[in-house]
Amino acid sequence: MWIVPESAIPGLVDEQSAFDAIEACFAAMARRDAYNFPVIREGLGEGRQYGFKSGLDRVGGHLGVKSGGYFPGNSERGIPNHQSTVFLFDPESGRPTAMVGGNLLTALRTAAASAISIRYLARADAKVLGMVGAGHQSAFQMRAAVRQRSFEKVIGWNLHPEMLTRLADTAEKLGLPFEAVDLDRLGEEADVIITITSSFDAIVQDAQIRPGTHLACMGTDTKGKQEVEAALLGRASVFTDEVAQSVSIGEAQHAVASGLLAESAIAEIGAVINGAHPGRQSADEITLFDGTGVGLQDLAVASKAVDLAVAKGLAQEVAV
Ligand code: NAD
């Protein structure tokens with residue numbers, strides 16, 4: 001089996017290869033060639049979370065699991081709080097084929113998901129990108145998003161304003177002006193809004209969003225988390241990576257529970273990729289992608305990382 005450690009991942013999987021892998025993954029899910037197994041998530045005490053996301057892509061040949069979680073004491077140890085490792089197996093024999101560092105890959109696959117939603121759902125003339133959230137994931141999100149439309153400006157809001165320098169620095173490196181704004185202005189000016197926070201209360205309010213906006217809601221991946229007011233999901237055309245996760249741990253959990261959105265009204269982004277769903281149908285439509293993060297995404301980028309690492313001589317082979 002191959003080992004591709006975390007230290008080998010930078011420079012291996014880029015934004016385009018992550019985009020291609022996740023696009024194929026969502027398409028396979030919508031064709032029912034691939035499916036995710038139930039997510040396991042356990043609290044270990046002292047704020048530590050640990051769990052497993054796994055799945056099978058019969059046609060792509062991916063079987064495996066991402067194991068990891070959140071370890072709040074890590075920042076004092078000088079390592080990231082989020083830690084994950086992906087294990088890949090041969091779907092025919094069950095033998096392990098690879099162990100791959102999953103930290104950077106998680107950020108790349110999550111950014112690829114929202115970028116895919118922008119590619120398929122945002123208005124073609126989108127010019128202003130709005131960012132809500134300025135944590136670790138936000139820079140990856142911005143970098144992947146700006147590849148999808150001719151954005152001329154990035155605007156952003158964060159609960160902790162001192163973190164906004166991350167957005168400003170990332171925009172500068174991308175050659176785009178950045179402005180910190182309040183949420184009213186963010187809704188008025190942004191054509192595309194990415195939310196990527198760990199909030200447990202709605203930040204973006206329904207009344208702040210104008211017709212034609214595309215939102216990629218990426219932060220809500222656990223029961224109880226919320227980034228946008230539930231009424232907005234009642235008004236928007238809602239898309240997701242996987243409906244089962246969207247209604248249970250995703251942004252749609254609140255709108256579905258309060259009867260503002262029917263589960264049957266949520267479309268899979270993979271169906272849009274495959275041409276089975278038309279996606280955006282008018283310039284005034286509000287589209288909202290509920291990106292919950294599925295195990296198959298992790299397997300898809302990990303498999304890509306193994307292929308690239310083997311080709312470049314960066315993977316270590318060990319006997320099983
Ligand atoms: P981070 O800890 O680096 O940053 C957290 C962000 O949330 C910051 O912008 C912070 O200011 C903001 N925040 C914290 N508490 C808040 C509150 N109460 N209200 C509003 N904002 C608040 O985290 P990160 O690595 O950038 O991840 C952000 C979120 O994305 C997390 O919730 C994480 O679980 C989620 N995530 C989702 C996926 C997916 O596939 N959908 C993948 C990775 C991470």
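Every number for a ligand or one of its atoms is a count from 1 in the order of the listing.
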Close side-chain approach of L88 and H62, heavy atoms under 4.5 Å: no
Atom 4 (O) of ligand 1 - nearest protein heavy atom and its distance: G135 CA, 3.3 Å
Side-chain donor or acceptor of E227 paired with backbone N/O of E251 under 3.5 Å: no
Side-chain donor or acceptor of N74 paired with backbone N/O of P80 under 3.5 Å: yes
E229/R235 salt bridge by N-O under 4.0 Å criterion: no
Side chain proximity check, H214 to R280, heavy atoms < 4.5 angstrom: yes
Donor-acceptor contact present, side-chain R210 to main-chain E189, <3.5 Å: yes
Contact check, E227 vs ligand 1, heavy-atom distance below 4.0 Å: no
Under 4.0 Å to a heavy atom of S198 - the qualifying atoms of ligand 1, by number: 5 (C), 7 (O), 13 (N), 14 (C), 15 (N), 31 (C), 32 (O)
Pick from Q49, H82, H136, Q141: the one approaching atom 1 (P) of ligand 1 most closely through a non-hydrogen atom: H136
Non-hydrogen protein atom less than 4.0 angstrom from atom 7 (O) of ligand 1: yes
N158 neighbourhood, listing ligand 1 atoms whose heavy-atom distance to it stays under 4.0 Å: 8 (C), 9 (O), 10 (C), 11 (O)
Heavy-atom nearest neighbour in the protein, as seen from atom 27 (O) of ligand 1, with distance rounded to 0.1 Å: Q137 CG, 3.4 Å
Parallel, tilted or perpendicular: rings of F239 and H277 (30°, 60°): perpendicular
Cation-aromatic face contact R143/F140, 6.0 Å, 45 degrees: yes
Side chain, backbone, both or neither: the part of I203 lying under 4.0 Å from ligand 1 by heavy atom: side chain
Numbered atoms and elements of ligand 1 in range of A134, under 4.0 angstrom, heavy atoms: 9 (O)
Note, V100 side chain near D298 side chain (heavy atom, < 4.5 Å): no
Protein heavy atom at shortest distance from atom 30 (O) of ligand 1: I196 CD1, 3.3 Å
Sub-4.0 Å atoms of ligand 1 with respect to non-hydrogen atoms of M163: 8 (C), 11 (O)
Atom 18 (N) of ligand 1: nearest protein contact (heavy atom, Å): L159 CD2, 3.9 Å
Validation row: K53, V294 side chains within 4.5 angstrom (heavy atoms): no
Shortest protein contact, atom 40 (O) of ligand 1 (heavy atom only): R109 NH1, 2.7 Å
Sub-4.0 Å heavy-atom contact, Q297 with ligand 1: no
Modelled atom types, side-chain donor and acceptor of R166 and S138, under 3.5 Å: no
Top protein contact for atom 36 (N) of ligand 1, by heavy-atom distance: D221 OD2, 3.4 Å
Taking atom 32 (O) of ligand 1 as the reference point, the nearest protein heavy atom with its distance: K225 NZ, 2.8 Å
Residue part near ligand 1, for T197, under 4.0 Å between non-hydrogen atoms: both
For G133, the ligand 1 atoms whose distance to one of its heavy atoms is below 4.0 Å: 9 (O)
Per atom 20 (C) of ligand 1, closest listed option by heavy atom (A139, S199, S138): S199
Side-chain donor/acceptor of D290 to backbone N/O of T240, under 3.5 Å: no
Shortest protein contact, atom 10 (C) of ligand 1 (heavy atom only): H160 ND1, 3.5 Å
